[in-house]
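Residue numbers begin at 1 in each chain, while the letters A, B, ... track the order of the sequences.
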There are 4 protein chains.
Amino acid sequence: MSTTNLHTPADPSAARRAQILDAATRVFAEKGFHRATIREIATVAGVADGTIYNYFANKSALLLGLLDRLNETEGRAAHFARAPEGGAAEFMRGYLAHRFATLTETGFDIFHVLLSELLVDRDLRDRWREQTLAPTFAIAESYLGGAMAGGALRPLDPALAARAMAGMSLGVLLLRLLGDPTLEERWEELPDTIAAILIHGLTPQDGLTPEGETADAPQR
Amino acid sequence: MSTTNLHTPADPSAARRAQILDAATRVFAEKGFHRATIREIATVAGVADGTIYNYFANKSALLLGLLDRLNETEGRAAHFARAPEGGAAEFMRGYLAHRFATLTETGFDIFHVLLSELLVDRDLRDRWREQTLAPTFAIAESYLGGAMAGGALRPLDPALAARAMAGMSLGVLLLRLLGDPTLEERWEELPDTIAAILIHGLTPQDGLTPEGETADAPQR
Amino acid sequence: MSTTNLHTPADPSAARRAQILDAATRVFAEKGFHRATIREIATVAGVADGTIYNYFANKSALLLGLLDRLNETEGRAAHFARAPEGGAAEFMRGYLAHRFATLTETGFDIFHVLLSELLVDRDLRDRWREQTLAPTFAIAESYLGGAMAGGALRPLDPALAARAMAGMSLGVLLLRLLGDPTLEERWEELPDTIAAILIHGLTPQDGLTPEGETADAPQR
Amino acid sequence: MSTTNLHTPADPSAARRAQILDAATRVFAEKGFHRATIREIATVAGVADGTIYNYFANKSALLLGLLDRLNETEGRAAHFARAPEGGAAEFMRGYLAHRFATLTETGFDIFHVLLSELLVDRDLRDRWREQTLAPTFAIAESYLGGAMAGGALRPLDPALAARAMAGMSLGVLLLRLLGDPTLEERWEELPDTIAAILIHGLTPQDGLTPEGETADAPQR
DNA sequence: AATGAATGAGTATTCATTCAT
DNA sequence: GATGAATGAATACTCATTCAT
């Protein structure tokens, strides 16, 4: 019990903060930021209204708290994603599997909340773009560019390819958050499907291309 | 009913409705649904606050009006997208090009507003899922299923493949709405890049697979 | 009824404003600015809370409204005070009588409210100093300076004499607002007493000065 | 109780009280009673919020503490003011000089705070009226009455004359607190000017009264 | 006695909605 | 149908006060 644990800190102040952020996540996810009230968050957190303001400057600061929390998780996740041993296809499958695993672990609520407010709050959006999006794409572009130059990947524009790849994961997440029942039921099958499409595309390969597919080869 | 024209309705009532929806789109896009006020929408529309309530039951009904308007556009667009003449790759490129074109034509604002509220308003979400999402995926799954059965596409799960495909488009749209500068600058290049990835994947094909990529072939 | 009346304007909007300011005066005077609530002012005014905000930007604007109203009254009063015919003593008695009369007419409440907040609100104070205090003293100093130069008044510093004179009126007003019962009972006798003191001082004049008072004559 | 020293009490408890009252004076003076917070007073005093409540029942009690403190000072000052040796004019000059000196010594802040709240807080006002105002006027009336009966002062109503005299000092104090720059700059000249006016009035005396001023003589 | 985290009552302000004109 | 003044419910935030440590 006395050993400090990163997830449940011994620091009672940090614990209180976490407790409030947990409540905020739940209430925001259910009602959205604006329809959520401080009163309800306080009730869910089991504290008084005023207590929240001992830990967060205002309602918006709760969102920033959620963003920080997400960035922490992502930061820790980055450690694992670093070693691209094996082929590019292998790497991509591993990366996606890991990505979806951390997503599931983090929980969908936090993405639900942040996405909806990122679309609406310019300050939050700017912050997120600098803190999360830009660094992520910087790494991804660099990796993709290297792999393309080395012939491990087809020569496309690394920046756009990175957006397309990230977009596919983000897009299915969004579709799920929007309530697509198929994605809710078969979420665990997605990483493999996405990996397959990203790696080989939707059309059959080999020399046995049907319907004049070879005519497409020298495209772009 | 008399000589109804969809673009410039002779019906003065429909014109007033459109005028209000235009204003709502602009104000919602700038401030988001909650921060937008009826007063400002009325001002922008050039009418009195109360007038809006002669055309819409309440503020939320403005969102439904936007959704309907979007569905109309999509519905008209569907006519063009239906004929899969030529190969699967050709079709996909054509479809994406058209998709992005209508998106650009419709304007990003309406998607911006609807997305953010879809994430937050359960009623709107349910309605959208039934009116827009479900029919779209029904068509897509049916088409993909047929093409896969006929060998024009690789045999994957049609439902998941449809989600992945749609997700990639939706995902890059979302990234753009979230302010990614690269996507803002190079938006016209995206359809081709996405088409290329969806058609052939990221890894090189041919027999000349580098780095033991062939070891990946018998995957899934 | 159709003839416009300055005190009860036909303009319904101005009437509503006045109605709210009346209520604010009463509630502020009773509770002080901070302890007064918008709700109570609205109730006393017979309107809804929100209605107040159709006429005043915020609670503080009610104070500014009171200040403006006072300045209007003072402005109108200035017309009467202008003609210093007769001797200086006569003028002073007339001025004080008029001053106290308008004070009584305006009502003590408005002074009560404004004084207490002037002591506490720097912005209000600055505004009042420029709009009311400075012009008043400018006129007073000029008049006193002239009368002193002409020998109608004893040669003192006009600026300080003006402060002393104004201070005596303001001071007894303050003592009354602070609840001195004597001043409440005998308020009408004050102008004459003050005039007498200001004109001749407290000590007996004539050659018949008792107790070596003449030794005081060449003072200052 | 042991060797209590009014200025630097050995009693640590009294020292703490004084320390808190000092802080309260400063914070009240800067922000006014309502805008001042217990937290800030505690910070300035160098104690915790809760500690204040070991010495004062509530926030209002701090005001009472200030009032008591002021009364102590006034009480001590009264000793000096009591002996009317010399003529009435001499006495008045001495009294005013002393009055202004103690005022300056005590500092304007405490008056600033007390005045503003006296206008607003009925309890404080009642207390001040009984503890401070009434006794002061009792002494003043008695003194003035005697001097008037003895011919040392002109025969006016002692009660009203006392109010007028006190009012002039209080009034210029108020004008200074309200930010009159002239009074801030030339504050030290005031006692003499006020004394001169109170003693001889504004109009010239002697037999050489200009402009028929003698016609005013038999007034009241 | 001292602390300061927790409390929760209290309030200015906003804004969707109504309805008399 | 159009208007816009009036409405009043809803809510973030403050801060005096308490009390367990």
Side-chain angles (χ1 to χ4, degrees), chain A residues 12-13 15-17 19-20 33-43 45-62, chain B residues 12-13 16-17 20 33-43 45-62, chain C residues 12-13 15-17 19-20 33-43 45-62, chain D residues 12-13 16-17 20 33-43 45-62:
Chain A
S13 167
R16 196 41 74 87
R17 244 187 89 93
Q19 170 190 11
I20 292 170
F33 180 74
H34 275 97
R35 281 188 257 263
T37 67
I38 288 289
R39 170 126 340 143
E40 184 171 3
I41 295 172
T43 304
V47 299
D49 299 19
T51 302
I52 291 183
Y53 291 88
N54 289 337
Y55 294 87
F56 298 91
N58 48 43
K59 201 182 169 188
S60 293
L62 288 169
Chain B
S13 164
R16 201 35 82 83
R17 245 187 87 93
I20 292 170
F33 180 73
H34 274 96
R35 283 187 252 263
T37 66
I38 289 288
R39 166 119 352 138
E40 185 170 4
I41 294 171
T43 303
V47 299
D49 300 18
T51 302
I52 291 182
Y53 289 86
N54 288 333
Y55 294 87
F56 297 91
N58 50 42
K59 197 183 173 189
S60 293
L62 288 168
Chain C
S13 166
R16 195 44 71 89
R17 244 187 89 92
Q19 170 189 12
I20 292 169
F33 180 74
H34 275 97
R35 281 187 257 262
T37 67
I38 289 289
R39 169 122 345 141
E40 184 170 3
I41 295 171
T43 303
V47 299
D49 299 20
T51 301
I52 292 181
Y53 290 88
N54 288 336
Y55 295 87
F56 297 91
N58 48 44
K59 200 181 170 187
S60 293
L62 288 168
Chain D
S13 164
R16 200 34 81 85
R17 245 187 86 92
I20 292 170
F33 180 74
H34 275 96
R35 285 185 250 265
T37 67
I38 290 288
R39 167 120 350 138
E40 185 170 3
I41 294 172
T43 303
V47 300
D49 300 17
T51 303
I52 291 182
Y53 289 87
N54 288 334
Y55 294 87
F56 298 90
N58 49 41
K59 197 182 172 188
S60 293
L62 288 168

query: For C:Arg35, does the CZ atom have more than 12 heavy-atom neighbours from other residues, nucleotides or ligands under 6.0 Å away?
result: yes
message: Nearest whole Å is fine: how far is E:dA16 P from C:Tyr53 OH?
response: 17 Å
- line: Minimal heavy-atom distance between B:Lys59 and B:Phe33, with the atoms involved, is NZ-O, 2.9 Å
- line: To the nearest angstrom, the CG-P distance between B:Asn58 and E:dT17 comes to 5 Å
Nearest-nucleotide pick for C:Asn54, side chain only, options being E:dT7, F:dA6, F:dC13: F:dA6
message: I need the CD1-P distance between B:Ile52 and F:dA2, as an integer number of Å.
response: 11 Å
Below 4.0 Å: OP1/OP2 of E:dT14 and any side-chain N or O of B:Arg39: no
- request: Report the nucleotide, chosen from E:dT13, E:dG4, F:dG4, that has the shortest atom-to-atom distance to any side-chain atom of B:Asp49.
  value: F:dG4
- line: On DNA chain E, more 5' by nearest nucleotide between C:Ser60 and B:Ala57 is C:Ser60
query: Base, sugar-phosphate, or nothing for B:Phe56, non-hydrogen atoms under 4.0 angstrom?
result: nothing
- prompt: Just checking A:Ile38: base, sugar-phosphate only, or nothing, at a heavy-atom cut-off of under 4.0 Å?
  reply: sugar-phosphate
statement: note: C:Ile41, atom CD1; E:dT13, atom C1'; distance rounded to Å ~ 13 Å
- line: Contacts of D:Phe33 and B:Val47 projected onto DNA chain F by closest heavy atom; the upstream (5') one is B:Val47
query: Which of these nucleotides, F:dT3, E:dA16, F:dA12, is closest to any side-chain atom of A:Lys59?
result: F:dA12
message: Side chain of B:Thr51, heavy atoms from C-beta onward: which of E:dT17, E:dA6, F:dT3 has the nearest atom to it?
response: F:dT3
field: Atom pair distance, as rounded to whole Å: CG in B:Leu62 and C1' in E:dA16
entry: 11 Å
task: Indicate whether OP1 or OP2 belonging to F:dT11 is found under 4.0 Å from a side-chain N or O atom of A:Arg35.
output: no
message: For a 4.5 angstrom cut-off between non-hydrogen side-chain atoms, does B:Asn54 reach B:Arg16?
response: no
message: Between P on E:dT11 and NE2 on D:His34, what's the gap in Å once rounded to a whole number?
response: 10 Å
message: Considering every strand and a 4.0 Å limit on heavy-atom distances, what is the contact class for B:Ala36: base, sugar-phosphate, or nothing?
response: sugar-phosphate
query: Is the closest side-chain heavy-atom distance between A:Ile38 and A:Tyr53 below 4.5 Å?
result: yes
field: Watson-Crick or G-U wobble mate for E:dA1, both contacts under 3.5 Å
entry: none
field: Identity of whatever pairs with E:dA20 - Watson-Crick or G-U, under 3.5 angstrom
entry: F:dT3
- request: Classify the nucleic acid contact of A:Thr37 as base, sugar-phosphate or nothing, counting any heavy atom under 4.0 Å across all strands shown.
  value: sugar-phosphate
task: Taking only the side-chain nitrogens and oxygens of B:Tyr55, find out if one of them lies under 4.0 Å from OP1 or OP2 of F:dA2.
output: yes
message: I need the CZ-C1' distance between A:Arg16 and E:dT7, as an integer number of Å.
response: 11 Å
query: Which value, rounded to the nearest 0.5 Å, describes the distance between B:Arg17 atom CZ and B:Leu62 atom CG?
result: 9.0 Å
message: To the closest 0.5 Å, what do you measure between CD1 (C:Ile41) and OG1 (C:Thr51)?
response: 13.0 Å
